[in-house]
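Data block below; observations after.
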Protein chains: 2
Amino acid sequence: MAIIRNTLAKKAVFEIIQGNKTAMSQTEIFAKVNNICDRVTVYRILERLVKEVKIHKIVNINGVINYAPCDACSHEQHVHHDHLHFSCTTCKKLTCIADNHIELNIPSNYQVAEVFLTVSGICPDCVIMA
Amino acid sequence: MAIIRNTLAKKAVFEIIQGNKTAMSQTEIFAKVNNICDRVTVYRILERLVKEVKIHKIVNINGVINYAPCDACSHEQHVHHDHLHFSCTTCKKLTCIADNHIELNIPSNYQVAEVFLTVSGICPDCVIMA
DNA sequence: TACAATTATGCAACATTGTTGCGTTAATAA
DNA sequence: TTATTAACGCAACAATGTTGCATAATTGTA
Ligand SMILES: [Zn+2]
Ligand SMILES: [Zn+2]
Ligand SMILES: [Zn+2]
Ligand SMILES: [Zn+2]
(Lines give C-alpha, C1' and ligand atoms only; values in the text may rest on other atoms or scores of the structure.)
(Ligands and ions follow the chains in the order given, each with its own letter.)
Protein backbone atom coordinates (compact mmCIF):
# COMPACT_ATOMS: atom_id res chain seq x y z
CA MET A 1 0.00 0.00 0.00
CA ALA A 2 0.94 3.66 0.29
CA ILE A 3 1.02 4.50 -3.39
CA ILE A 4 3.36 7.38 -4.09
CA ARG A 5 1.83 10.24 -6.06
CA ASN A 6 3.86 12.62 -8.12
CA THR A 7 2.16 15.95 -7.61
CA LEU A 8 2.98 19.33 -9.12
CA ALA A 9 4.19 20.70 -5.82
CA LYS A 10 6.39 17.70 -5.20
CA LYS A 11 7.97 17.97 -8.64
CA ALA A 12 8.52 21.70 -8.13
CA VAL A 13 10.19 21.23 -4.75
CA PHE A 14 12.43 18.48 -6.06
CA GLU A 15 13.47 20.53 -9.08
CA ILE A 16 14.30 23.49 -6.87
CA ILE A 17 16.54 21.31 -4.71
CA GLN A 18 18.17 19.71 -7.72
CA GLY A 19 18.67 23.00 -9.50
CA ASN A 20 20.65 24.52 -6.65
CA LYS A 21 24.37 24.05 -6.27
CA THR A 22 24.13 24.08 -2.50
CA ALA A 23 21.79 22.62 0.08
CA MET A 24 18.67 24.59 0.99
CA SER A 25 16.54 25.06 4.08
CA GLN A 26 12.75 24.72 4.15
CA THR A 27 12.50 28.50 4.33
CA GLU A 28 14.62 28.98 1.21
CA ILE A 29 12.76 26.29 -0.68
CA PHE A 30 9.38 27.73 0.25
CA ALA A 31 10.52 31.16 -0.92
CA LYS A 32 11.36 29.70 -4.34
CA VAL A 33 8.20 27.64 -4.62
CA ASN A 34 6.31 30.83 -5.45
CA ASN A 35 3.08 30.00 -3.65
CA ILE A 36 2.42 26.92 -5.74
CA CYS A 37 1.55 25.31 -2.42
CA ASP A 38 1.26 25.92 1.29
CA ARG A 39 4.11 26.20 3.78
CA VAL A 40 2.98 23.03 5.53
CA THR A 41 2.92 21.14 2.26
CA VAL A 42 6.60 21.89 1.71
CA TYR A 43 7.37 20.35 5.09
CA ARG A 44 5.39 17.25 4.17
CA ILE A 45 6.94 16.97 0.72
CA LEU A 46 10.45 17.23 2.15
CA GLU A 47 9.61 14.50 4.61
CA ARG A 48 8.42 12.26 1.78
CA LEU A 49 11.41 12.98 -0.47
CA VAL A 50 13.76 12.05 2.36
CA LYS A 51 11.88 8.79 2.93
CA GLU A 52 12.05 8.04 -0.79
CA VAL A 53 15.82 8.68 -0.69
CA LYS A 54 15.59 11.40 -3.33
CA ILE A 55 17.02 14.05 -1.04
CA HIS A 56 18.95 13.94 2.21
CA LYS A 57 18.80 16.05 5.30
CA ILE A 58 21.89 17.88 6.52
CA VAL A 59 22.12 19.86 9.74
CA ASN A 60 24.22 22.95 9.29
CA ILE A 61 26.63 24.05 12.01
CA ASN A 62 24.07 26.57 13.30
CA GLY A 63 21.38 23.89 13.66
CA VAL A 64 19.43 24.80 10.54
CA ILE A 65 18.26 21.76 8.61
CA ASN A 66 19.12 21.77 4.93
CA TYR A 67 18.22 19.50 2.05
CA ALA A 68 20.28 18.34 -0.91
CA PRO A 69 19.66 15.86 -3.72
CA CYS A 70 20.88 12.32 -3.24
CA ASP A 71 22.71 11.97 -6.57
CA ALA A 72 26.06 11.56 -4.95
CA CYS A 73 24.70 9.43 -2.17
CA SER A 74 23.79 6.08 -3.68
CA HIS A 75 26.69 4.07 -4.98
CA GLU A 76 26.15 0.52 -6.19
CA GLN A 77 22.61 0.27 -4.80
CA HIS A 78 23.98 0.98 -1.34
CA VAL A 79 22.69 4.19 0.16
CA HIS A 80 25.01 6.17 2.34
CA HIS A 81 24.89 9.81 3.25
CA ASP A 82 28.07 10.02 5.20
CA HIS A 83 29.94 12.24 2.80
CA LEU A 84 31.51 15.47 3.96
CA HIS A 85 29.61 18.77 4.06
CA PHE A 86 31.22 22.16 3.79
CA SER A 87 29.62 25.11 5.54
CA CYS A 88 30.78 28.53 4.35
CA THR A 89 31.01 31.05 7.16
CA THR A 90 30.76 33.91 4.68
CA CYS A 91 27.85 33.10 2.36
CA LYS A 92 26.37 30.54 4.79
CA LYS A 93 25.98 28.04 1.96
CA LEU A 94 26.20 24.34 2.67
CA THR A 95 27.78 22.14 0.02
CA CYS A 96 28.03 18.37 -0.35
CA ILE A 97 31.60 17.25 -0.93
CA ALA A 98 32.56 13.85 -2.31
CA ASP A 99 33.06 10.96 0.05
CA ASN A 100 35.57 11.25 2.76
CA HIS A 101 36.51 8.00 4.36
CA ILE A 102 37.90 8.67 7.79
CA GLU A 103 39.40 6.61 10.54
CA LEU A 104 37.52 6.95 13.81
CA ASN A 105 38.97 6.44 17.22
CA ILE A 106 35.98 5.76 19.46
CA PRO A 107 35.87 3.59 22.59
CA SER A 108 34.74 0.09 21.61
CA ASN A 109 31.68 0.18 23.86
CA TYR A 110 30.11 2.73 21.54
CA GLN A 111 28.19 1.17 18.65
CA VAL A 112 28.71 3.39 15.61
CA ALA A 113 25.94 3.80 13.02
CA GLU A 114 26.48 6.97 10.98
CA VAL A 115 29.20 9.56 10.67
CA PHE A 116 28.37 13.24 10.30
CA LEU A 117 31.29 15.29 9.13
CA THR A 118 30.93 19.00 8.46
CA VAL A 119 33.76 21.39 7.85
CA SER A 120 33.39 25.13 8.19
CA GLY A 121 35.49 27.72 6.41
CA ILE A 122 35.41 29.79 3.26
CA CYS A 123 34.07 28.35 0.03
CA PRO A 124 35.78 28.89 -3.38
CA ASP A 125 33.26 31.58 -4.40
CA CYS A 126 33.90 33.61 -1.26
CA VAL A 127 37.68 33.11 -1.32
CA ILE A 128 37.74 34.77 -4.73
CA MET A 129 35.72 37.73 -3.45
CA ALA A 130 38.17 38.34 -0.64
CA MET B 1 35.49 47.41 30.27
CA ALA B 2 32.74 44.82 30.33
CA ILE B 3 33.24 43.54 33.82
CA ILE B 4 32.05 39.98 34.21
CA ARG B 5 29.68 39.35 37.12
CA ASN B 6 29.24 36.00 38.73
CA THR B 7 25.56 35.86 39.53
CA LEU B 8 23.60 33.14 41.29
CA ALA B 9 21.82 32.13 38.12
CA LYS B 10 25.05 31.94 36.17
CA LYS B 11 26.67 29.75 38.80
CA ALA B 12 23.61 27.49 38.87
CA VAL B 13 23.55 27.07 35.10
CA PHE B 14 27.24 26.32 34.95
CA GLU B 15 27.00 23.75 37.73
CA ILE B 16 24.09 22.03 35.99
CA ILE B 17 26.11 21.73 32.80
CA GLN B 18 29.19 20.53 34.63
CA GLY B 19 27.26 18.04 36.73
CA ASN B 20 25.82 16.26 33.72
CA LYS B 21 27.65 13.46 31.95
CA THR B 22 26.22 14.49 28.59
CA ALA B 23 25.57 17.75 26.79
CA MET B 24 22.29 19.53 27.47
CA SER B 25 19.93 21.76 25.51
CA GLN B 26 18.61 25.12 26.73
CA THR B 27 15.27 23.43 27.42
CA GLU B 28 16.84 20.74 29.58
CA ILE B 29 18.98 23.24 31.44
CA PHE B 30 16.04 25.55 32.12
CA ALA B 31 14.04 22.60 33.43
CA LYS B 32 16.79 21.88 35.96
CA VAL B 33 17.28 25.50 36.95
CA ASN B 34 14.11 25.29 39.02
CA ASN B 35 12.82 28.80 38.37
CA ILE B 36 15.84 30.43 39.93
CA CYS B 37 15.70 32.71 36.91
CA ASP B 38 13.80 33.47 33.73
CA ARG B 39 13.89 31.49 30.48
CA VAL B 40 15.48 34.44 28.68
CA THR B 41 18.17 34.71 31.32
CA VAL B 42 19.25 31.14 30.64
CA TYR B 43 19.71 32.03 26.97
CA ARG B 44 21.80 35.05 27.90
CA ILE B 45 23.88 33.12 30.43
CA LEU B 46 24.61 30.39 27.92
CA GLU B 47 25.72 33.01 25.42
CA ARG B 48 28.07 34.51 27.99
CA LEU B 49 29.50 31.17 29.12
CA VAL B 50 30.27 30.30 25.51
CA LYS B 51 32.03 33.63 25.03
CA GLU B 52 34.02 33.06 28.21
CA VAL B 53 35.03 29.61 26.88
CA LYS B 54 33.57 27.85 29.91
CA ILE B 55 31.15 25.82 27.83
CA HIS B 56 30.92 24.97 24.15
CA LYS B 57 28.01 24.71 21.79
CA ILE B 58 27.34 21.46 19.94
CA VAL B 59 24.67 20.99 17.31
CA ASN B 60 23.12 17.55 17.59
CA ILE B 61 22.25 15.56 14.47
CA ASN B 62 18.62 16.69 14.72
CA GLY B 63 19.60 20.37 14.80
CA VAL B 64 19.12 20.88 18.52
CA ILE B 65 21.85 22.97 20.09
CA ASN B 66 23.49 21.45 23.14
CA TYR B 67 26.00 22.73 25.65
CA ALA B 68 28.87 20.96 27.39
CA PRO B 69 31.66 22.12 29.67
CA CYS B 70 34.98 22.99 28.10
CA ASP B 71 37.21 20.94 30.43
CA ALA B 72 38.40 18.71 27.66
CA CYS B 73 38.63 21.53 25.20
CA SER B 74 41.59 23.62 26.20
CA HIS B 75 44.97 21.98 25.94
CA GLU B 76 48.13 23.98 26.55
CA GLN B 77 46.36 27.35 26.53
CA HIS B 78 45.13 26.61 23.02
CA VAL B 79 41.36 26.35 22.74
CA HIS B 80 39.91 23.92 20.30
CA HIS B 81 36.47 22.37 20.20
CA ASP B 82 36.95 20.04 17.32
CA HIS B 83 36.73 16.83 19.28
CA LEU B 84 34.29 14.12 18.32
CA HIS B 85 30.70 14.03 19.57
CA PHE B 86 28.62 10.90 19.93
CA SER B 87 24.86 11.13 19.49
CA CYS B 88 22.90 8.17 20.85
CA THR B 89 19.90 7.30 18.70
CA THR B 90 18.25 5.52 21.63
CA CYS B 91 18.52 7.87 24.61
CA LYS B 92 19.21 10.94 22.41
CA LYS B 93 22.12 11.92 24.64
CA LEU B 94 25.07 13.75 23.19
CA THR B 95 28.51 12.98 24.59
CA CYS B 96 31.91 14.60 24.08
CA ILE B 97 34.55 12.08 23.10
CA ALA B 98 38.28 12.71 23.30
CA ASP B 99 40.07 14.29 20.39
CA ASN B 100 39.92 12.61 17.07
CA HIS B 101 42.45 13.85 14.64
CA ILE B 102 41.29 13.05 11.13
CA GLU B 103 42.69 13.42 7.66
CA LEU B 104 40.45 15.50 5.41
CA ASN B 105 40.26 15.21 1.70
CA ILE B 106 38.78 18.51 0.55
CA PRO B 107 39.44 20.33 -2.74
CA SER B 108 42.22 22.85 -2.20
CA ASN B 109 40.05 25.82 -3.16
CA TYR B 110 38.10 25.38 0.05
CA GLN B 111 39.62 27.19 3.02
CA VAL B 112 39.10 25.03 6.10
CA ALA B 113 38.50 26.61 9.50
CA GLU B 114 36.79 24.15 11.86
CA VAL B 115 35.90 20.47 11.74
CA PHE B 116 32.60 19.22 13.16
CA LEU B 117 32.53 15.48 13.62
CA THR B 118 29.52 13.76 15.13
CA VAL B 119 28.92 10.04 15.15
CA SER B 120 25.51 8.53 15.73
CA GLY B 121 24.84 5.08 17.13
CA ILE B 122 24.16 3.42 20.46
CA CYS B 123 25.92 4.59 23.59
CA PRO B 124 27.38 2.18 26.19
CA ASP B 125 24.43 2.69 28.56
CA CYS B 126 21.91 1.79 25.88
CA VAL B 127 23.92 -1.13 24.49
CA ILE B 128 23.76 -2.76 27.92
CA MET B 129 19.98 -2.28 28.05
CA ALA B 130 19.50 -4.05 24.74
C1' DT C 1 -14.29 8.28 -19.81
C1' DA C 2 -16.26 7.85 -15.29
C1' DC C 3 -15.73 6.37 -10.70
C1' DA C 4 -13.85 4.88 -6.34
C1' DA C 5 -10.12 4.77 -3.23
C1' DT C 6 -6.99 7.15 -0.79
C1' DT C 7 -2.91 10.20 -1.12
C1' DA C 8 -1.92 14.91 -0.86
C1' DT C 9 -3.27 19.57 0.22
C1' DG C 10 -5.03 23.97 2.56
C1' DC C 11 -6.03 26.24 6.46
C1' DA C 12 -6.41 27.25 11.08
C1' DA C 13 -4.65 26.59 15.33
C1' DC C 14 -1.11 25.45 18.24
C1' DA C 15 3.70 24.36 20.27
C1' DT C 16 8.41 25.25 20.71
C1' DT C 17 12.41 27.82 20.40
C1' DG C 18 14.82 31.87 20.20
C1' DT C 19 15.08 37.26 20.13
C1' DT C 20 14.43 42.23 21.46
C1' DG C 21 13.33 46.42 24.20
C1' DC C 22 13.03 48.52 28.31
C1' DG C 23 12.48 49.51 33.07
C1' DT C 24 14.31 47.46 37.40
C1' DT C 25 17.53 44.81 40.30
C1' DA C 26 21.73 43.68 42.12
C1' DA C 27 26.92 42.70 41.77
C1' DT C 28 31.20 44.93 42.15
C1' DA C 29 34.70 48.56 42.80
C1' DA C 30 35.79 52.70 44.99
C1' DT D 1 27.87 53.20 51.62
C1' DT D 2 27.36 54.71 47.22
C1' DA D 3 27.83 54.89 42.16
C1' DT D 4 28.22 52.39 38.05
C1' DT D 5 26.47 49.35 34.97
C1' DA D 6 26.08 44.31 34.16
C1' DA D 7 22.46 41.24 34.62
C1' DC D 8 17.67 40.32 35.07
C1' DG D 9 12.37 39.96 34.49
C1' DC D 10 8.70 40.50 31.75
C1' DA D 11 6.08 41.27 27.86
C1' DA D 12 5.87 41.09 23.20
C1' DC D 13 7.32 39.33 19.04
C1' DA D 14 9.40 36.30 15.26
C1' DA D 15 10.61 32.08 13.21
C1' DT D 16 10.11 27.35 12.72
C1' DG D 17 7.83 23.21 12.99
C1' DT D 18 3.47 20.19 14.09
C1' DT D 19 -1.40 18.46 14.15
C1' DG D 20 -6.36 17.78 12.95
C1' DC D 21 -9.68 17.81 9.80
C1' DA D 22 -12.34 18.92 5.80
C1' DT D 23 -11.43 19.23 0.82
C1' DA D 24 -8.99 18.47 -3.54
C1' DA D 25 -6.49 15.85 -6.75
C1' DT D 26 -4.07 11.68 -8.50
C1' DT D 27 -4.20 7.08 -9.98
C1' DG D 28 -5.89 2.39 -10.93
C1' DT D 29 -9.92 0.10 -12.45
C1' DA D 30 -14.37 -0.67 -14.56
ZN1 LIG E 1 30.78 31.11 0.57
ZN1 LIG F 1 25.21 15.90 1.17
ZN1 LIG G 1 22.03 6.06 24.82
ZN1 LIG H 1 32.25 18.54 23.20
Side-chain angles (χ1 to χ4, degrees), chain A residues 1-17 20 22-68 87 89 92-94, chain B residues 1-17 20 22-68 87 89 92-94:
Chain A
M1 10 259 88
I3 291 138
I4 292 165
R5 289 184 187 172
N6 222 0
T7 62
L8 279 178
K10 189 178 165 189
K11 273 185 251 176
V13 167
F14 186 53
E15 275 165 24
I16 288 166
I17 296 172
N20 218 56
T22 53
M24 301 172 85
S25 66
Q26 185 276 346
T27 309
E28 292 170 309
I29 294 164
F30 179 62
K32 279 209 168 188
V33 117
N34 227 68
N35 284 322
I36 204 179
C37 70
D38 191 75
R39 201 170 65 86
V40 177
T41 303
V42 173
Y43 280 109
R44 299 202 257 231
I45 287 172
L46 291 171
E47 210 174 291
R48 261 179 288 151
L49 288 172
V50 168
K51 204 183 300 174
E52 293 168 23
V53 199
K54 291 186 141 186
I55 62 174
H56 65 287
K57 209 185 269 204
I58 317 137
V59 176
N60 206 340
I61 57 173
N62 54 5
V64 175
I65 291 171
N66 279 256
Y67 299 89
S87 177
T89 52
K92 310 297 176 196
K93 282 182 184 155
L94 188 64
Chain B
M1 14 258 86
I3 292 138
I4 292 166
R5 290 184 186 174
N6 221 0
T7 62
L8 279 180
K10 189 179 166 189
K11 274 185 249 174
V13 167
F14 186 53
E15 276 165 23
I16 287 167
I17 296 172
N20 218 55
T22 53
M24 301 172 85
S25 65
Q26 185 275 347
T27 310
E28 291 170 310
I29 294 164
F30 178 63
K32 279 208 167 187
V33 117
N34 228 67
N35 285 320
I36 205 179
C37 71
D38 192 73
R39 200 170 66 86
V40 177
T41 304
V42 173
Y43 279 109
R44 300 201 256 228
I45 289 172
L46 291 172
E47 210 173 292
R48 260 179 290 151
L49 289 172
V50 167
K51 204 182 300 174
E52 294 169 20
V53 200
K54 290 186 143 188
I55 61 174
H56 64 287
K57 209 185 268 205
I58 318 137
V59 176
N60 206 341
I61 55 174
N62 53 7
V64 175
I65 291 172
N66 280 255
Y67 299 89
S87 177
T89 51
K92 310 296 175 197
K93 281 180 182 155
L94 188 64

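Just so it is clear, the model here is predicted, and its values are computed rather than measured. Proteins come first, then strands; the chains are lettered A, B, ... in the order of their sequence lines, and each starts at number 1.
- Nearest-nucleotide positions on DNA chain C for B:Arg5 and B:Thr27 put B:Thr27 closer to the 5' end.
- When rounded to the nearest whole Å, the span between CD of B:Glu47 and P of D:dC8 equals 12 Å.
- Contact annotation: B:Arg39 side-chain N/O to C:dG18 OP1/OP2 distance is not under 4.0 Å.
- The phosphate of D:dA6 (OP1 or OP2) has no side-chain N or O of B:Thr7 nearer than 4.0 angstrom.
- Checking side-chain atoms of B:Asn6 against main-chain N and O of B:Ile4 turns up no donor-acceptor pair under 3.5 Å.
- Whole-Å rounding puts the B:Lys10 NZ to C:dT28 C1' distance at 13 Å.
- Rounded to whole angstrom, the span from the CD atom of A:Glu28 across to the C1' atom of D:dA15 amounts to 14 Å.
- Residue B:Val64 is out of contact with every strand shown, counting any heavy-atom pair closer than 4.0 Å.
- Each of D:dT16, D:dA7, D:dT27 was ranked by its minimum atom distance to the side chain of B:Arg48; first place goes to D:dA7.
- Two residues are said to be in side-chain contact when any heavy atoms from C-beta on lie closer than 4.5 Å; B:Leu46 and B:Ile17 meet this criterion.
- Rounding to whole angstrom units, CG of residue B:Leu8 and P of C:dA27 are separated by 6 Å.
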- Task: Kindly indicate, with the supporting measurements, whether the criterion side-chain contact (heavy atoms from CB on, under 4.5 Å) is fulfilled by B:Lys54 and B:Arg48.
- Result: CA-CA 9 Å; B:Lys54 290 186 143 188; B:Arg48 260 179 290 151; over 6 Å; no

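- Contact annotation: B:Arg44 side-chain N/O to D:dC8 OP1/OP2 distance is not under 4.0 Å.
- Of the residues near DNA chain D, A:Gln26 and B:Ile36, the one whose nearest nucleotide (by heavy atom distance) lies more toward the 5' end is B:Ile36.
- Look at CG on B:Asp38: it is 16 Å from C1' on C:dA26, rounded to the nearest Å.
- Look at B:Glu52 and B:Lys10 and you find a salt bridge, because one of the NZ, NE, NH1 or NH2 atoms lies within 4.0 Å of a carboxylate O, short of that distance.
- For the pair B:Lys11 NZ and D:dA7 P, the interatomic distance rounds to 13 Å; values are reported in whole Å.
- Atom CG of B:Asn62 and atom P of C:dT16 are 16 Å apart (whole Å).
- For the pair A:Ile3 CD1 and C:dA8 P, the interatomic distance rounds to 9 Å; values are reported in whole Å.
- Nucleic acid contact for A:Ile45: sugar-phosphate only, since backbone atoms but no base atoms lie under 4.0 Å from a heavy atom of the residue.
- Distances shown here put a side-chain N or O of B:Thr41 below 4.0 Å from the OP1 or OP2 atom of D:dG9.
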- Task: Determine, stepwise, if the pair B:Lys32 / B:Asn20 fulfils side-chain contact (heavy atoms from CB on, under 4.5 Å).
- Result: CA-CA 11 Å; B:Lys32 279 208 167 187; B:Asn20 218 55; 3.7 Å; yes

